[in-house]
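To start, the structure under review is shown below, and the notes come after it.
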Amino acid sequence: QVQLVESGGGLVQAGGSLRLSCVDSGRTLRSYSMSWFRQAAGKEREFLATISSLGGRTDYADSVKGRFTISRDNAKSTVYLQMNSLKPEDTAIYYCAADRTFISYRSWTEYDYWGQGTQVTVSS
């Protein structure tokens with residue numbers, strides 16, 4: 001059973017950095033591709049980044065490409081999102097999600113498991 005818990009969110013000034021973590025307490029993460037999404041107030045959930053189960057493939061939304069980096073450590077059942085050069089428009093709740101496939105990963109409806117989310121607030 002996958003149980004995802006995000007951490008690492010907080011308040012940061014524009015231009016700053018944060019690293020989000022997503023831990024699977026069920027320790028089955030290696031079987032899943034993993035992604036990060038975010039949802040700002042009044043907006044739809046937005047795909048940010050994905051990584052395949054063994055970490056060999058990644059993909060990013062244009063809005064974060066070059067600023068965010070997704071990585072994983074299957075031995076620790078953890079996925080990370082390093083966020084640099086943060087902007088006020090990055091303010092949102094950030095979620096990690098697990099999927100058994102690596103096909104329609106940009107669609108939030110494809111995912112089997114979600115974490116509870118962690119708030120990221122970027123001040124100007």
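- Using a 4.5 Å heavy-atom cutoff, the side chains of Leu29 and Leu4 are in contact.
- When side chains are defined from C-beta on, Trp36 does not count as touching Phe47, because their heavy atoms never get closer than 4.5 Å.
- Among pairs with a residue in residues 57-101, none fulfils ring-ring contact (aromatic ring centres under 6.0 Å, His included), at least two apart in sequence or across chains.
- Summarising the geometry of Pro88 relative to Ser124, their closest heavy-atom pair is CG-CB, 3.8 Å, with the distance given to 0.1 Å.
- Of all the heavy atoms in Arg30 and Asn74, the pair that sits closest is NH2-O, 3.5 Å.
- Taking the charged nitrogens against the carboxylate oxygens, Asp90 and Lys87 have no contact shorter than 4.0 Å, which rules out a salt bridge.
- Put simply, the side chain of Leu81 does not reach to within 4.5 Å of the side chain of Thr69, judged on heavy atoms.
- Linking ILVMFWY residues whenever their side-chain heavy atoms come closer than 4.5 Å, directly or via other members, places Val12 and Leu48 in the same cluster.
- In the hydrophobic clustering of this structure, Ile51 groups with Met83; members are Ile, Leu, Val, Met, Phe, Trp, Tyr whose side-chain heavy atoms approach within less than 4.5 Å, directly or through other members.
- For the pair Ile70 and Met34, the tightest heavy-atom approach, listed with the atom from each and the gap, is CD1-O, 3.7 Å.
- With sequence neighbours left out, Arg100 forms a side chain to side chain donor-acceptor pair (under 3.5 Å) with Tyr32.
- The structure places CD1 of Ile93 at 15.0 Å from CZ of Phe37, a figure rounded to the nearest 0.5 Å.
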Exercise for review: Report the C-alpha separation of Glu6 and Thr118 in whole Å, then their side-chain angles, then the decisive distance to 0.1 Å, and conclude whether the side-chain hydrogen bond (donor to acceptor under 3.5 Å, both in side chains) test is met.
Suggested key: CA-CA 6 Å; Glu6 301 98 334; Thr118 185; over 6 Å; no

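- For Gln82, the side chain to side chain donor-acceptor pair (under 3.5 Å) partners are Asn84, not counting sequence neighbours.
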Check your understanding: Between Gln116 and Val5, is a side chain to side chain contact (heavy atoms under 4.5 Å, CB included) present by the stated rule, with each step listed?
Key -> CA-CA 7 Å; Gln116 83 291 348; Val5 178; 4.2 Å; yes

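- Contact check for Val23 versus Lys76: no side-chain heavy atoms found under the 4.5 Å cut-off.
- Shown here are the side chain to side chain donor-acceptor pair (under 3.5 Å) partners of Thr28, two or more places apart in sequence or in another chain: Asp24.
- Contacts classified as disulfide bond (SG atoms under 2.5 Å apart) and involving residues 67-124 (residues at least two apart or in different chains) are given here: Cys22-Cys96.
- For an aromatic pair to be called close, the ring centres must be under 6.0 Å apart, and Trp114 with Tyr111 satisfies this.
- Leu20 is listed as a side-chain neighbour of Val120, based on a closest heavy-atom distance under 4.5 Å.
- Every residue two or more places apart in sequence or in another chain was checked for a salt bridge (Lys or Arg N to Asp or Glu O under 4.0 Å) with Arg57, and none qualifies.
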Exercise for review: Output, in order, the C-alpha distance, side-chain angles, deciding distance and verdict of side chain to side chain contact (heavy atoms under 4.5 Å, CB included) for Gln1 and Tyr113.
Suggested key: CA-CA 9 Å; Gln1 180 76 15; Tyr113 301 98; 3.9 Å; yes

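- Ser53 and Ser31 make their closest contact through CB-C, 4.3 Å (heavy atoms, listed as atom of the first residue, atom of the second, distance).
- Under the 4.5 Å side-chain heavy-atom criterion for grouping Ile, Leu, Val, Met, Phe, Trp and Tyr, Val64 is connected to Leu18 within one hydrophobic cluster.
- Between Ser33 and Tyr105, the side chains place no donor N or O within less than 3.5 Å of an acceptor N or O (distance only, hydrogens not considered).
- Between Ser63 and Glu46, the side chains place a donor N or O and an acceptor N or O closer than 3.5 Å (distance only, hydrogens not considered).
- Across every non-hydrogen atom of Gly56 and Ser52, the tightest pair is N-OG, 3.2 Å.
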Practice item. Could you go through the side chain to side chain contact (heavy atoms under 4.5 Å, CB included) check for Thr91 and Gln119 one step at a time? Key: CA-CA 8 Å; Thr91 295; Gln119 176 71 46; 4.0 Å; yes

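- To the nearest 0.5 Å, the span separating CZ on Arg45 from OG on Ser107 amounts to 11.5 Å.
- Contact check for Val2 versus Asp112: no side-chain heavy atoms found under the 4.5 Å cut-off.
- Here the closest non-hydrogen pair linking Arg38 and Ala92 is CB-CB, 3.9 Å.
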